[in-house]
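A short write-up of the structure that comes next.
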Number of protein chains: 2
Amino acid sequence: MTLLRWPRPAGRPSNEPAALSKGKATSFDIAHMTGVSQSTVSRALRGSPLVSEETRQRIKAAADQLNYKVDKNASNLRSQHSGTLALLLFEDPTADESHINPFFLSMLGSITRACALRGYDLLISFQQLSYNWHADYADTKKADGLILLGYGDYLAYLDKLQNLADQGMRSIRWGAVLPDQPDISIGCDNFQGGRAIALHLLEQSCRRIAFLGDASSHYPEFFERYRGYVAGLQEAGLAADPALQVDAAESTEQAGYQALESLLARDTPFDAVFAASDLIAIGAMRALADRCIKVPEQVAVAGFDDIPMSRFLNPPLTSVLQDTKLAGETLVDNLLRLIRGEPVETRLLPVKLVVRRSSQFGKS
Amino acid sequence: MTLLRWPRPAGRPSNEPAALSKGKATSFDIAHMTGVSQSTVSRALRGSPLVSEETRQRIKAAADQLNYKVDKNASNLRSQHSGTLALLLFEDPTADESHINPFFLSMLGSITRACALRGYDLLISFQQLSYNWHADYADTKKADGLILLGYGDYLAYLDKLQNLADQGMRSIRWGAVLPDQPDISIGCDNFQGGRAIALHLLEQSCRRIAFLGDASSHYPEFFERYRGYVAGLQEAGLAADPALQVDAAESTEQAGYQALESLLARDTPFDAVFAASDLIAIGAMRALADRCIKVPEQVAVAGFDDIPMSRFLNPPLTSVLQDTKLAGETLVDNLLRLIRGEPVETRLLPVKLVVRRSSQFGKS
DNA sequence: CTGAAAGCGCTTACAG
DNA sequence: CTGAAAGCGCTTACAG
C-alpha cells in the first residue's frame, strides 16, 4: 500500500476521507493530496506565475476532485478586499413600497450584468436618505465600493456625499453631472435630451409647451432637462413662459396627474406637455384623458427615460432614451477604476430621442 | 492628566489616535479604550446577555466614537455563516440581454426589501441553467442560502435541483408546487388563476377560448394554468379543444406574437385568448392589431402575472395578480427557516383576478 | 460576568 | 519555483 497518510487539520476526523466531507475541503486538503505546501495551493489556484504549470495542473485537478472552493470570507479577510460592489437604491421616502421606479429597475439589471461579467458580486439594498451608507458597507468591509442610484432632493444629501468623499469611500453616483460636485457622478446628457424634445415639439408646430417637473437645484437632473428645453425654445426665438412650468419633484404618476391639474387650474393655454419623466407623463396623460383632452390631437405629450411601458401606452409615448446598458457598464467600470486608484473621468452619456405618436400634434 | 494610555495593537503607530485612523478601528481598540478585554467587546456588541449593562453602554459609546464596525469577513469566517442570501435569476438563454422579465423584476424588489427587513444582505446574480450554483455561492461561503427565480425548462434543471438538495444546500425556488419535487418551492396558485380566467371569459359569453403557452411538464407553471383553464371549461360543460392550445415556452412578446400567428394559421375559430403570461398576451394583442382584429370587440384577451404595464395597455389587460410582496417575504422567511434547520412548509400563494377592458368580449 | 487563548481558512511577505 | 510562518479581525469554548 503506497497511499501516504497526511496529518489532517484539526477538526476533521482523520478516518474520514477529505473527498467525502462535502463543502468542507480546505487548501490544506488539496496540499496534502498533491504533496505540496498550502501556500503553493493558494498560489496555483489564484493563477500566480510563481507556480510551475505542471504543479498547477495537479493542484487544479485535485481541487476539482474534492469540489474545493476558496472560502471567500477567509480570502477577503486576509487580502482586505471583498470582490463585491454594493448598489444602494435610495428612493423617495414617499414611494409606494411595492413598486420601484422602472427606470432604476432597468439600471439595476444592467449593473448586475456588468458586475457579473467583471467577476464582481453585487449586494443590493434600498436606503433611506438618512442612512449611514458608509458605515454599513465600507466599514464592515462587505463591499469595496458603492454605486448610488436614485432620485431625491439633491441638496438634502449633499452633506452625506461630501462625507463619503471625505472618508475616502469608493463610490460613484448616477445623476446629474455638475461642476463642483463632492463626488464622482455619471449621468446622461439631460440638457441635450430636454433640448431635443423642445425642438421636436416645436417642429410639430407646438408653440405653448408646458414643462412638468421641478426646475431647481434640488432636482438637478430635472433642472438640466428644463434648461435644455429653455435653450431649445430660445433657438426658435421663443422665451419660456414661467406660467407653463409646474413643479413635480417626484417621478410618479400621481405627481404627474397633479401637476397637470395645476397647469389646467392656471388657465394658461398650452398645446404640448414635456414631462420630466415618463412616469410623470403617464400621470399627465391620464389627467388629460379624464378631461377628455385628446393626445396628440389637442395636446402633444413627451416624456423622458423611455421606460419599457412607454411604447405600450395609448398613444405610445415620445420620450428620451437613456442607454441603461451603457450606463451600468460605465458606472461599474469607473467604480472599479476608483477602487484601483486609477483616474476617473466624470462622463455624460448620450441620449436618443424616440418619437412616437403622443407627440404628433394635431394628427389623429 | 488622568488619561490612561493603553498599548496599541501591532500595526498601528502608537502616536496616532485610534479615533483618527478612519475605518480601521478594531475590537482591540475598543477594548483598550474601555479597559475591558476584546472578548467582552465582541460580546457586548453582539448583545450577549453575559455582559453587564453598564459595561455594554461604555463599550457601545466607545464604538460609536471610534466609528467602529464589526468586520464582516472576520466574523463570517469565525462564525461560519455570512448573513447573506443569494438570489439567482436564471433566464431563458435566448432572452434579450437588455430586459429582464418585469414580473421577476418585481419579485426582485420585494425580495430585496424582505431581506433588508430581516437583517440579511442580498447578493444578486444572473445565471445560466448550466451553471454550478452551489459551488459559487455555498462552497465559497458567500451566502447562507439560495433563492432561485426564473422560467426555463423545468425538466432540464431537475437534476441540478436534485444535486443541490443532495448536497444539503439551503435553497428555495419560486415556481410550480408539485408533488415529489426534489427541492422546496413556493409558488402561486396557478391552477386557480387559470380556472378564474376561464370562468371569467365564459361569463363574457366566450365559448372558443384559445390557450397560448406551453402545456407540458417542461413548464409546470404554464401547465398548471392550462389545467386550471381546462377545469374551468369542464365546469361549464365544455371540453378543451387541442386545436386551441398553442405552445409558447418563453414568456416574451415575440413568443406571443408567433403563437397567435400559429393559431390564426390553423384556421380554427376562437373568440378569446388566454395567454399564459402578460408578455405573451402583449405579443398576441399586437398580432391581433396587425390583422385588424379588435380587442375586445372580436376577441377577448387575458393574461397572467399582472405586470405593471398591463393596466396601461390598449385596451387595458385583464390578468391574474400574483402578490409579489407576499411572495418575496414568504421566500425569504422560509429560506431563513431552512437555514435555521426548522421545518418548512411548501406553500401555494393565493392569486387574484384583475378584470380590465381587454376581456369585455363584444363591447367597444 | 469577564479574560486568555485558540482558531476560522486563507494570502503574502520572507527566506531559500 | 517552493515552503514555513505570520496574521487578517473576529467568535467561542474554556476556565474562573
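In what follows, chains are A, B, ... by sequence order, proteins preceding strands, each numbered from 1.
In this view, B:Arg78 satisfies the side-chain contact (heavy atoms from CB on, under 4.5 Å) rule with no residue, not counting sequence neighbours. Scored by the side-chain hydrogen bond (donor to acceptor under 3.5 Å, both in side chains) test, B:Ser52 finds B:Thr55 as partners (sequence neighbours excluded). For A:Asp71, the salt bridge (charged side-chain N to carboxylate O under 4.0 Å, His left out) test picks out B:Lys141, with sequence neighbours left out. Considering only residues two or more places apart in sequence or on other chains, B:Thr330 meets the side-chain contact (heavy atoms from CB on, under 4.5 Å) condition with B:Ile186, B:Leu326, B:Asn334, B:Arg347, B:Leu349. Residues passing the side-chain contact (heavy atoms from CB on, under 4.5 Å) test with B:Ser125 are B:Leu88, B:Gln127, B:Tyr137, sequence neighbours excluded. Taking the side-chain contact (heavy atoms from CB on, under 4.5 Å) definition, one finds that A:Ser79 meets it with A:His81, sequence neighbours left out. With sequence neighbours excluded, no residue forms a side-chain hydrogen bond (donor to acceptor under 3.5 Å, both in side chains) with A:Ser75. Remark: A:Arg337 pairs with no residue by the salt bridge (charged side-chain N to carboxylate O under 4.0 Å, His left out) rule, at least two apart or across chains.
At whole-Å resolution of the value, NZ in A:Lys69 and C1' in C:dC10 are 16 Å apart. One can place CG of A:Asp71 at 17 Å from P of C:dG7, the figure rounded to the nearest angstrom. Straight-line distance from the NZ atom of A:Lys142 to the P atom of D:dG9: 18 Å, rounded to whole Å. Between A:Lys72 atom NZ and D:dC8 atom C1' the separation is 15 Å, expressed in whole Å. We find that CG of B:Leu77 is positioned 13 Å from C1' of C:dA6, with the value rounded to whole Å.
Within the structure, a side-chain polar atom (N or O) of B:Gln80 is placed less than 4.0 Å from OP1 or OP2 of C:dG9. The phosphate of C:dG3 has OP1 or OP2 within less than 4.0 Å of a side-chain N or O from B:Thr40.
As rounded to the nearest Å, C:dT12 and C:dG16 have C1' atoms that lie 16 Å from one another.
The shortest side-chain heavy-atom distance between B:Leu336 and B:Leu85 falls under the 4.5 Å cut-off.
A:Ser110 approaches A:Gly328 most closely through the heavy-atom pair OG-CA, 3.3 Å.
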Open item on the list: For Watson-Crick and G-U wobble pairs within 3.5 Å on both distances, what is DNA chain C written in dot-bracket notation, | included for inter-strand pairing?
Closed with: |||.||||||||.|||

- [ ] Indicate for each nucleotide in nucleotides 11-16 of chain C, in 5' to 3' sequence, whether protein heavy atoms under 4.0 Å reach the base (B), only the sugar-phosphate (S), or nothing (-).
- [x] BBB---

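Taking a 4.0 Å limit (strictly below) on heavy-atom distances, residues 47-55 of chain A reaches DNA chain D at A:Pro49, A:Leu50, A:Val51, A:Ser52, A:Thr55.
Contacts classified as salt bridge (Lys or Arg N to Asp or Glu O under 4.0 Å) and involving residues 116-127 of chain B (residues at least two apart or in different chains) are given here: A:Lys142-B:Asp121, B:Arg118-B:Asp333.
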